[in-house]
Amino acid sequence: QVQLVESGGGLVQAGGSLRLSCAASGRTFGNYAMGWFRQAPGKEREFVAAITWSGGSPNYADSVKGRFTISRDNGKKMVTLQMNSLKPEDTAVYYCAPDRVPLRMVVTTRVSDFGSWGQGTQVTVSS
């Protein structure tokens, strides 16, 4: 079982940057792909980015491609999301979560394929 704590959110002006971190506990962290998701008020949780258990094959939602970068450090049990050129529509609570299936070779983008959600971190982008 993996427990997660997200951090790094805050208030930033449009065009600015934030770096989100997700600290994990649990000995099996390195066996699972990790994803970042977000949920804006009144909207469903949506996929943002994911990375395989080995740190390869990152996948991004079209809305963040070219602006966000996901990475992981299995030794530190950490996943990060570097967010550049932020837009007001990026405002949401951001969550990280592990894939429910270990050692998947291709990342999935379906929210339902991920579980063990953290408490989230709020990102607010002002115009």
Side-chain angles (χ1 to χ4, degrees):
Q1 190 75 12
V2 177
Q3 290 81 42
L4 305 164
V5 177
E6 300 95 337
S7 62
L11 173 64
V12 64
Q13 289 187 333
S17 299
L18 283 174
R19 185 177 181 87
L20 304 185
S21 295
C22 172
S25 61
R27 289 178 292 178
T28 60
F29 171 79
N31 289 346
Y32 294 87
M34 293 294 298
W36 280 99
F37 303 82
R38 65 188 182 187
Q39 188 165 16
K43 295 187 177 182
E44 293 186 352
R45 190 167 300 185
E46 65 175 6
F47 168 79
V48 174
I51 192 167
T52 64
W53 59 273
S54 62
S57 302
N59 198 338
Y60 300 93
D62 288 342
S63 59
V64 307
K65 204 170 291 184
R67 301 188 296 123
F68 291 11
T69 302
I70 187 172
S71 61
R72 70 186 294 162
D73 185 328
N74 286 345
K76 295 181 179 179
K77 296 184 181 179
M78 187 80 70
V79 181
T80 59
L81 185 69
Q82 178 66 44
M83 306 188 297
N84 299 327
S85 302
L86 283 161
K87 305 175 181 180
E89 51 263 44
D90 295 318
T91 295
V93 178
Y94 283 71
Y95 302 88
C96 65
D99 192 339
R100 295 183 187 274
V101 176
L103 302 176
R104 204 192 303 255
M105 297 307 295
V106 179
V107 293
T108 172
T109 62
R110 292 186 299 188
V111 176
S112 59
D113 284 338
F114 292 80
S116 298
W117 299 96
Q119 85 289 349
T121 184
Q122 176 70 48
V123 171
T124 304
V125 184
S126 62
S127 57

Worksheet item: Taking the six-membered ring where the residue is Trp, are the ring centres of Phe68 and Trp36 under 6.0 Å apart?
Response: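 Ring-ring flag for Phe68/Trp36: false, centres at least 6.0 Å apart.
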
Which heavy atom of [X] sits nearest to which heavy atom of [Y], and what is that distance?
{"X": "Met34", "Y": "Cys22", "result": "CE-SG, 4.3 Å"}
{"X": "Pro88", "Y": "Ala14", "result": "CD-CB, 4.1 Å"}
{"X": "Gln119", "Y": "Tyr95", "result": "O-CE2, 3.7 Å"}
{"X": "Gly8", "Y": "Leu18", "result": "O-CD2, 3.8 Å"}
{"X": "Val111", "Y": "Arg45", "result": "CG2-O, 3.6 Å"}

What about [X] and [Y], same hydrophobic cluster or not, with Ile/Leu/Val/Met/Phe/Trp/Tyr joined at side-chain heavy-atom distances under 4.5 Å?
{"X": "Phe47", "Y": "Tyr94", "result": "no"}
{"X": "Tyr60", "Y": "Val123", "result": "yes"}
{"X": "Phe29", "Y": "Met78", "result": "no"}

Practice prompt. Show your working on side-chain contact (heavy atoms from CB on, under 4.5 Å) between Val79 and Cys96 and close with a plain yes or no.
Written response: CA-CA 8 Å; Val79 181; Cys96 65; 5.6 Å; no

Discussion item. Between Trp53 and Asp99, does the side-chain contact (heavy atoms from CB on, under 4.5 Å) criterion hold? Intermediate values first, please.
Written reply: CA-CA 9 Å; Trp53 59 273; Asp99 192 339; over 6 Å; no

Discussion item. side-chain contact (heavy atoms from CB on, under 4.5 Å), that's the test. Do Gln13 and Leu86 meet it? Break it down for me.
Written reply: CA-CA 8 Å; Gln13 289 187 333; Leu86 283 161; over 6 Å; no

Practice prompt. Taking only Lys NZ, Arg NE, NH1 and NH2, and the carboxylate oxygens of Asp or Glu, determine whether Lys65 and Asp62 approach each other closer than 4.0 Å.
Written response: yes

Worksheet item: Taking Val48 as the fixed residue, which of Leu81, Ile70, Asn59 is the one that meets the side-chain contact (heavy atoms from CB on, under 4.5 Å) rule?
Response: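 When Leu81, Ile70, Asn59 are each tested with Val48, the side-chain contact (heavy atoms from CB on, under 4.5 Å) holds only for Leu81.
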
Worksheet item: Side-chain donor-acceptor pair under 3.5 Å between Ser21 and Ser7, yes or no?
Response: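 No donor-acceptor contact under 3.5 Å links the two side chains.
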
Discussion item. For a side-chain contact (heavy atoms from CB on, under 4.5 Å) check, start with the C-alpha distance between Met83 and Val64, then their side-chain angles and the critical distance, and finish with the verdict.
Written reply: CA-CA 8 Å; Met83 306 188 297; Val64 307; over 6 Å; no

